[in-house]
Amino acid sequence: MASTIFLPLALLAGLATAQTFSVCDPLNATCPANAALGTTLNETFTASTTALNLDLWNITSGTTAIQFGNNGAELTLTKPGDSITVESNFYINFGRVEMIMQAAAGQGIISTFDLLSDDLDEIDLEIMGGNTSFVESNWYGWGNLSQYNALYHPVNGPQQGLHNYTVIWDAEQVQWIIDGNLARNLPYDKPSLYPQTPSKLKFGIWAGGDAKAEGTVTWAGGKVDWSQAPFTMTVQSILVTDASTNTTTYTYSDRTGAYKSITSTPGISSAAKTLTKPASSSPIASATKSWNGLSRTSKIAIAASVIGVLVLIIIAYSFVCVVQRRKGRAEKRKADEAWEEQMNELSVYRAKMAKGGFAVSHLGHGEKF
Ligand SMILES: *[C@@H]1O[C@H](CO)[C@@H](O)[C@H](O)[C@H]1NC(C)=O
Ligand SMILES: *[C@@H]1O[C@H](CO)[C@@H](O)[C@H](O)[C@H]1NC(C)=O
Ligand SMILES: *[C@@H]1O[C@H](CO)[C@@H](O)[C@H](O)[C@H]1NC(C)=O
Ligand SMILES: *[C@@H]1O[C@H](CO)[C@@H](O)[C@H](O)[C@H]1NC(C)=O
Ligand SMILES: *[C@@H]1O[C@H](CO)[C@@H](O)[C@H](O)[C@H]1NC(C)=O
Ligand SMILES: *[C@@H]1O[C@H](CO)[C@@H](O)[C@H](O)[C@H]1NC(C)=O
Ligand SMILES: *[C@@H]1O[C@H](CO)[C@@H](O)[C@H](O)[C@H]1NC(C)=O
């Protein structure tokens with residue numbers, strides 16, 4: 001009975017807390033503050049995991065395509081047009097991200113995670129499904145697509161087993177560490193030439209080989225052969241540490257995009273509250289407790305009104321589902337286009353590379369492709 005009460009309440013809460021987020025570039029506008037992680041998030045996924053915690057994660061594409069198995073969260077593409085994108089609802093302002101994951105196999109299939117800020121600073125890791133010996137790191141400052149910062153790093157079979165991809169990010173450097181070895185070190189530079197603003201974590205899988213731009217297809221390793229589907233990226237665990245604790249939000253105090261311009265508001269972040277919520281104060285537990293304390297008459301009265309509310313909720317929910325399905329299609333198209341747009345610079349990059357013009361700036365340390 002307790003779960004009958006819980007169901008409509010949970011649905012109502014879910015609908016009421018759904019918020020619309022306005023995309024805003026802090027270099028050109030005064031934007032809403034970024035919700036901070038303000039703590040460490042340590043999640044390991046197993047076959048008994050039922051879902052990603054939607055208080056922490058926003059699945060912006062491919063909601064139903066994430067399942068859980070012995071090795072972790074399985075993000076699976078089965079047909080042309082599929083893509084899966086998960087974004088954190090929180091930001092970190094420097095810190096550390098460790099993903100233990102197995103990339104999807106399959107020519108043209110890209111498994112990826114990145115850190116992305118509102119002024120489009122970006123720290124990336126991208127794994128081509130058809131390349132069993134190299135993975136790519138990349139970064140951008142201010143979303144400047146004239147920058148060519150991709151580098152490739154040897155990894156033995158990124159699609160054949162779990163590997164440890166760790167990014168350590170502070171005001172001095174960004175380090176990409178793969179299976180315990182430092183693969184890349186990017187030293188601090190001025191804003192626009194070094195990622196330094198509060199960033200969300202985004203991860204997912206998409207069909208780079210099905211992109212419209214030929215350069216993207218080449219970069220991805222060729223066209224996707226869907227007869228080889230399903231293509232599954234497996235994420236066993238995600239460990240994210242925000243460099244700041246006791247922080248609820250991050251705000252750009254000016255339009256320089258410099259890390260020194262970021263101010264934080266002290267307090268317990270909503271992510272930290274979510275993560276420390278004791279099991280005993282869960283809505284099910286407290287509903288059960290109150291329910292048991294009630295008289296029989298009250299129970300009947302409550303049951304009657306709950307059934308009434310339930311009927312209303314089912315009607316409202318069916319309506320929302322129809323709307324969501326329509327919205328879902330539109331959003332997915334948008335997400336695909338965004339991924340593709342993000343990848344389009346690679347055709348230019350390839351062209352430059354072919355001409356030998358890539359050895360210009362920020363490639364650092366004589367790493368080779
Ligand atoms: C989740 O992402 C979608 C699409 O980008 C966005 O419209 C929505 O506001 C996001 N939700 C939250 C809670 O940030
Ligand atoms: C914001 O400003 C930067 C730097 O002036 C510019 O490159 C970028 O296009 C602007 N973005 C928007 C959305 O206007
Ligand atoms: C993260 O959780 C795992 C087990 O779930 C534990 O072994 C590990 O020590 C934790 N790491 C940190 C940094 O808390
Ligand atoms: C894997 O990537 C490296 C680095 O870009 C490249 O040299 C190699 O040819 C690629 N292999 C395949 C099979 O695409
Ligand atoms: C974008 O990057 C290119 C290459 O580094 C640089 O020449 C250009 O000035 C940058 N643009 C902005 C707006 O920072
Ligand atoms: C992953 O690599 C990082 C960096 O070397 C290391 O600190 C961490 O312990 C590794 N995680 C696991 C689960 O081995
Ligand atoms: C968080 O910061 C506020 C303001 O600086 C301070 O008063 C409070 O004691 C801090 N709380 C914790 C748990 O550190």
Side-chain angles (χ1 to χ4, degrees), residues 61 75 77 80-85 99 101-116 120-155 157-159 163 165 167 174 176 178 183-184 186 195 202-226 228-229 231-233 333-364 367-369:
S61 173
L75 286 64
L77 307 186
D82 282 357
S83 74
I84 304 172
T85 310
M99 298 273 284
M101 60 180 249
Q102 177 174 340
Q107 175 175 301
I109 299 293
I110 310 297
S111 305
T112 179
F113 76 91
D114 40 65
L115 286 163
L116 181 64
L120 305 181
D121 283 347
E122 192 168 329
I123 299 172
D124 302 336
L125 190 96
E126 284 155 331
I127 306 178
M128 289 75 185
N131 196 324
T132 54
S133 38
F134 285 87
V135 305
E136 189 212 81
S137 68
N138 201 359
W139 63 271
Y140 291 99
W142 294 358
N144 181 346
L145 298 184
S146 308
Q147 296 174 343
Y148 309 105
N149 299 318
L151 288 179
Y152 289 83
H153 314 286
V155 174
Q159 307 83 3
H163 292 269
Y165 301 96
V167 170
V174 183
W176 285 259
I178 302 176
R184 182 175 195 177
L186 172 73
K202 180 170 152 181
F203 65 92
I205 172 172
W206 64 291
D210 282 359
K212 280 183 232 93
E214 203 188 308
T216 308
V217 178
T218 309
W219 165 81
K223 249 195 119 37
V224 176
D225 175 4
W226 288 98
Q228 304 293 310
F231 304 114
T232 300
M233 167 191 187
R333 201 169 46 241
K334 252 172 48 200
D336 288 348
E337 281 164 13
W339 274 120
E340 188 171 341
E341 196 178 306
Q342 246 182 41
M343 290 348 293
N344 275 346
E345 92 279 5
L346 286 150
S347 51
V348 186
Y349 168 62
R350 284 271 162 188
K352 276 214 171 187
M353 228 172 87
K355 281 196 233 114
F358 60 92
V360 270
S361 59
H362 316 301
L363 290 175
E367 292 107 320
K368 63 185 183 59
F369 294 86

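Side-chain atoms of Trp176 do not come within 3.5 Å of backbone N or O of Glu136 as any donor-acceptor pair. Using a distance-only test at 3.5 Å, with no hydrogens or angles considered, no donor-acceptor pair links the side chain of Glu122 to the main chain of Pro195. Judged purely by atom type and a 3.5 angstrom limit, Asn138 uses its side chain to pair as donor or acceptor with the backbone of Ala150.
For Ile127 against Gln159, the heavy-atom pair with the smallest separation is CG2-NE2, 4.2 Å. The shortest heavy-atom contact between Ala104 and Ser111 is N-OG, 2.9 Å. Closest of all the heavy-atom pairs between Ala207 and Leu77 is N-CD1, 4.3 Å. Here the closest non-hydrogen pair linking Phe134 and Pro158 is O-CG, 4.5 Å. Shortest non-hydrogen contact noted between Glu126 and Thr112 is CG-OG1, 3.5 Å. Residue His153 comes nearest to Ser137 through the heavy atom pair NE2-OG, 2.7 Å, listed as atom of the first residue, atom of the second, then distance.
Residues Leu125 and Arg184 are not in side-chain contact: their nearest non-hydrogen atoms beyond the backbone lie 4.5 Å or more apart. Trp142 has its side chain within reach of Asp121: a pair of non-hydrogen atoms, C-beta onward, lies under 4.5 Å apart.
The only member of Thr232, Val224, Asp225 that meets side-chain contact (heavy atoms from CB on, under 4.5 Å) when paired with Ile109 is Val224. Test Asp114, Thr85, Leu75 against Phe203 for side-chain contact (heavy atoms from CB on, under 4.5 Å) and you get one pass: Leu75.
Checked against ring pair (Phe, Tyr, Trp, His ring centres under 6.0 Å), Tyr165 has no partners two or more places apart in sequence or in another chain. Annotation: side-chain contact (heavy atoms from CB on, under 4.5 Å) contacts of Gln102 (sequence neighbours excluded): Leu162, Thr234. Every side-chain contact (heavy atoms from CB on, under 4.5 Å) that Ala220 has, sequence neighbours left out, goes to Ile110.
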Apply side chain to side chain contact (heavy atoms under 4.5 Å, CB included) to Trp226 and Asp210, showing your working. CA-CA 10 Å; Trp226 288 98; Asp210 282 359; 2.7 Å; yes
